[in-house]
Amino acid sequence: RVLRLMTHISSRNKTEISLANIAYLIDRILMHRNKPLLFGTQFRKNKKGIFEPFKFKAGNVNQRRKMYGLPTIEENTIRINKEWKELTKK
């Protein structure tokens with residue numbers, strides 16, 4: 001219901017709700033349904049302790065991300081790992 005409402009509001013007023021927030025919600029729903037993400041916005045730590053996106057539909061992921069105002073999957077992965085490293089630095 002929330003996704004439907006957000007999409008409806010966004011279609012009527014582009015400044016009311018960020019498309020990036022819609023992408024995050026779509027991926028969050030897909031992740032909880034154990035389905036491939038559309039935008040690769042949800043991350044997990046791998047066995048080496050490095051954050052990587054949950055499985056996502058590769059195809060045109062960066063094109064989809066750009067349409068929703070998100071950086072490339074590669075840029076975002078680097079940013080997340082860099083921020084985590086800074087946060088956990090002693």
Side-chain angles (χ1 to χ4, degrees):
R1 285 181 18 189
V2 173
L3 178 57
R4 200 172 326 141
L5 179 61
M6 287 175 69
T7 304
H8 176 73
I9 291 170
S10 177
S11 70
R12 292 176 56 158
N13 183 347
K14 300 290 183 207
T15 60
E16 190 74 25
I17 294 179
S18 159
L19 288 177
N21 285 334
I22 292 173
Y24 278 103
L25 181 57
I26 289 169
D27 274 0
R28 193 71 170 181
I29 291 167
L30 291 170
M31 183 186 74
H32 282 285
R33 292 179 179 167
N34 202 29
K35 294 186 177 182
L37 310 181
L38 288 178
F39 303 96
T41 62
Q42 306 299 307
F43 282 71
R44 64 175 173 214
K45 265 190 183 180
N46 64 21
K47 292 178 182 179
K48 296 178 182 178
I50 298 170
F51 283 95
E52 62 186 14
F54 276 85
K55 62 184 176 185
F56 61 92
K57 293 182 180 181
N60 299 319
V61 69
N62 284 328
Q63 195 172 12
R64 287 191 299 270
R65 290 176 66 88
K66 185 176 181 179
M67 289 173 49
Y68 279 72
L70 298 167
T72 67
I73 193 85
E74 295 83 6
E75 292 168 336
N76 203 42
T77 301
I78 290 167
R79 180 190 61 80
I80 287 172
N81 280 293
K82 183 179 178 183
E83 287 179 7
W84 179 252
K85 189 175 182 179
E86 288 295 315
L87 284 172
T88 57
K89 189 167 41 172
K90 292 183 179 184

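All residue numbers refer to positions in the sequence shown, counting from 1.
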Practice task
Quick one: pull up NE2 in His32 and CD in Gln42 and give me the separation to the nearest 0.5 Å.
Solution key: 7.5 Å
Handout entry: Within one Ile-Leu-Val-Met-Phe-Trp-Tyr cluster: Ile29 and Phe39, side-chain cutoff 4.5 Å
Key = yes
Problem - Tyr24 reachable from Ile80 in the ILVMFWY side-chain graph, under 4.5 Å edges - result: no
Practice task
Could you grab the distance from atom OG of Ser18 to atom CG of Leu25, nearest 0.5 Å is fine?
Solution key: 11.5 Å
Fill in the blank from the handout: Sorted by chain and number, sequence neighbours left out, salt bridge (Lys or Arg N to Asp or Glu O under 4.0 Å) with Glu83 holds for Arg79
Problem - Within 6.0 angstrom of Asn34 CG, more than 12 heavy atoms from elsewhere - result: no
Practice task
Answer yes or no: does atom NZ of Lys85 have more than 12 heavy-atom neighbours from other residues, nucleotides or ligands under 6.0 Å?
Solution key: no
Exercise for the section: For the residue pair Ile73 and Pro53, establish whether any side-chain heavy-atom pair is separated by less than 4.5 Å. Expected result: yes
Problem - Non-neighbouring partners of Glu86 that pass side chain to side chain donor-acceptor pair (under 3.5 Å), sequence neighbours left out - result: Lys89
Exercise for the section: Spell out, yes or no, whether Leu19 and Met67 are grouped together once hydrophobic residues are joined by side-chain heavy atoms under 4.5 Å, including indirect joins. Expected result: yes
Handout entry: Validation row: Arg28, Met31 side chains within 4.5 angstrom (heavy atoms)
Key = yes
Exercise for the section: Heavy atoms only: give me the nearest Val61-Gly40 pair and the separation to one decimal. Expected result: CG2-N, 4.4 Å
Handout entry: Criterion side chain to side chain contact (heavy atoms under 4.5 Å, CB included) against Tyr68, the qualifying member of Ile22, Asn21, Leu38, Thr41
Key = Ile22
Handout entry: Lys57 side, atom NZ; Leu30 side, atom CG - distance, nearest 0.5 Å
Key = 7.5 Å
Exercise for the section: Working to the nearest 0.5 Å, report the span between CD of Glu52 and NZ of Lys45. Expected result: 12.0 Å
Exercise for the section: If a pair satisfies ring pair (Phe, Tyr, Trp, His ring centres under 6.0 Å) and one of its residues is in residues 43-62, list it, with sequence neighbours excluded. Expected result: Phe51-Trp84
